[in-house]
Undergrad: 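Sending over a structure as structure tokens; questions will come in a sec.
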Amino acid sequence: MTGGVIVSSIKKVIVVGSGIAALSFAKTISENCQVIMMTKKQFSSSNSMLAQGGIAAAFSAHDSVDQHVQDTLAAGCDHNDDKTVQEIVGFGKHLVQQLVAEGCPFDRNEAGMPQLGKEGAHTSNRILHAGGDQTGKTLVQFLKSQLGSHIHLCEYHHVIDLLVHEGKCVGVVWKDEKGHVHTMTADAVVLSTGGCGSLYETNTNDPSVTGDGLMMAHRAGAQLVDLEFVQFHPTLLTIAGKAVGLVSEAVRGEGAYLEDETGRRIMKGIHPQVDLAPRDVVARAIFHEQQLGHHLYLNIHDIPHFSVRFPAIDAMCQRAGVHMASGRLPVSPGMHFLMGGIKVNEHGETTVQSLFAIGEAACTGLHGANRLASNSLLEGLVLGRKAARRIEQLPKLQKTIPSLSIKEVWSVPTISEAQIRKKMTAYAAIVRDEKGLQTLLDELEQVSFQQINVKDITNEQIELSNQWALAICLVKSALLRTESRGGHYRMDYPKRNDALWRGKQIVHEKGHIHIMKNERIGAEWNVYS
Ligand code: SIN
């Protein structure tokens, strides 16, 4: 039990995570709020820091917000929320313009204007980069430099659960570096904890991204949606069967192409956008070729000054011993991004009062079934800002919160992280079918548990519990969706089935799964089954 709390007059907000969305929130929120930004590792341990590819915004004279919206919808396979797409793409452009005006060091052309690159499924050059292939890191550092003294960064503060009182989120439970358990109350909690790359053997995510935010929200009673839509990035540098790191899609945007060991271009004839087809299409094509025994390479011969344009990728290749003069980088796909997440409205509000989610942890409906490249930093910027504005309008906690009970005993599954990853990679990755998914679900559900007191549980055991529970939710969603759409490809249902599935989302509530029609009329969702 945690003791009663006398509420101070200052509005207090806890942000969990330290990526772009969290920083956009922190940059925006008024000085009348005290923000405690907790991150379980170092400040720099986030997916945003690793983002090579940039931030999409319709800056070119030949481009428009409307065209960016159309590309987002086409890549998302008609599973996006149209209104959200309009809002984020339009407002996002404004926020990027603001960053340019504030001096964010985006790469510029000879005329001093932001240089615009291309990535998969974009019909125009509209990707801003910084530091060549270090956009995320540059943006994180720039936003951090803009934070006021009302933002308190707390590294190695591992938030393990949420405090809920009368259906409202009133704070967090966290562990310090020594493993001691603490609670902290707040007027609002914002989850910016990323997705769940760690569920797969090969992924591009920071190792700290273990689905914690999603499962904390789930335990608190918030709805999760669209978990079956998992994006695999087509090109991870792969040496002796092991992925070493991401090779940005911007490399294909500059003219690189995929070929097999004989030099055959594998994307020819597969999609009109060839090597710049949507990511799900390219990842499946590579997977198919690998199943046939081929080895895949990114041919970078046509890119002049590769090491200048892509310094971090070049350095990674050198470290990995790639013979750069060959002009071929060995690649294979890896888990990159979760389109689904904690269901939120346009302000980042979850279905639990005073609990917000932003960034990859949230599902706004922007990405649909397959995210358009470089739309995620944009979404983080917009949603961070909108959540901050919303929280400023919330009333302060007025009364003393009574004693709150915390989850004292945790059930930790007797399965290793490596075993979960192996099974997820085998049965719930780029292609799936009922037999494999059902086998996986049975194996996950048949594990036994150790009961461990919260005082004794390790960070790794908490992450493992979250990963196991999230894997089950993801697999159940993948089993239910009997069609193929975007990042969810079912070999036994290889076609899109609009008659049955268009606009429907699979929604997880504590103890229930619903298939809902996403009509998004105000906050109303119609439950169909
Ligand atoms: C990339 O650089 O290819 C990744 C960009 C993104 O995921 O949006």
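We count residues from 1, following the sequence as given. Counting convention: from 1, in listed order, for ligands and their atoms alike.
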Undergrad: Taking only heavy atoms of Ala373 into account, list the atoms of ligand 1 that are under 4.0 Å away from them.
TA: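 Counting atoms of ligand 1 from 1, those under 4.0 Å from Ala373 are 8 (O).
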
Undergrad: Enumerate the atoms of ligand 1 whose separation from the nearest heavy atom of Ser374 is less than 4.0 angstrom.
TA: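 Within the 4.0 Å cut-off of Ser374, ligand 1 contributes 6 (C), 8 (O).
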
Undergrad: Counting heavy atoms only, which of Arg279, His233, Gln52 comes nearest to atom 5 (C) of ligand 1?
TA: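 It is Arg279 that holds the nearest heavy atom.
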
Undergrad: Looking just at side-chain N and O atoms, do Ser198 and Glu417 make a donor-acceptor pair shorter than 3.5 Å?
TA: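 No, Glu417 and Ser198 have no side-chain donor paired with an acceptor closer than 3.5 Å.
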
Undergrad: Enumerate the atoms of ligand 1 whose separation from the nearest heavy atom of Glu249 is less than 4.0 angstrom.
TA: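 Counting from 1, the qualifying ligand atoms are 1 (C), 2 (O), 3 (O).
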
Undergrad: Do Gly53 and ligand 1 have an N or O pair less than 3.5 Å apart?
TA: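 Gly53 vs ligand 1: N/O contact under 3.5 Å present.
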
Undergrad: How are the rings of Phe310 and Phe306 set relative to one another: parallel (under 30°), tilted (30 to 60°) or perpendicular (over 60°)?
TA: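 Answer is tilted, since the angle falls between 30° and 60°.
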
Undergrad: List every atom of ligand 1 that sits less than 4.0 Å from any heavy atom of His336, numbering the atoms from 1 in the order shown and giving each element.
TA: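 With His336 as reference, the close atoms of ligand 1 come out as 4 (C), 6 (C), 7 (O).
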
Undergrad: What about Phe356 and Phe25, are their ring centers closer than 6.0 Å?
TA: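 Centroid distance Phe356-Phe25: not below 6.0 Å, so no.
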
Undergrad: Given Arg371, His129, Gln231, identify the one with the heavy atom nearest to atom 7 (O) of ligand 1.
TA: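 It is Arg371 whose heavy atom sits nearest to atom 7 (O) of ligand 1.
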
Undergrad: Determine, stepwise, if the pair His367 / Phe229 fulfils ring pair (Phe, Tyr, Trp, His ring centres under 6.0 Å).
TA: CA-CA 10 Å; His367 308 304; Phe229 295 117; over 10 Å; no

Undergrad: Without swapping roles, check the side chain of Thr425 against the backbone of Tyr200 for a donor-acceptor pair under 3.5 Å.
TA: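 Checking the backbone N and O of Tyr200 against the side chain of Thr425, no donor-acceptor pair under 3.5 Å is found.
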
Undergrad: What protein heavy atom sits nearest atom 2 (O) of ligand 1, and how far away is it?
TA: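 Scanning the protein heavy atoms, the shortest distance from atom 2 (O) of ligand 1 goes to Ser248 OG, 2.6 Å.
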
Undergrad: Just how far is it from atom CG of Asp63 to atom NE2 of His122, taken to the nearest 0.5 Å?
TA: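 Those atoms lie 9.5 Å apart.
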
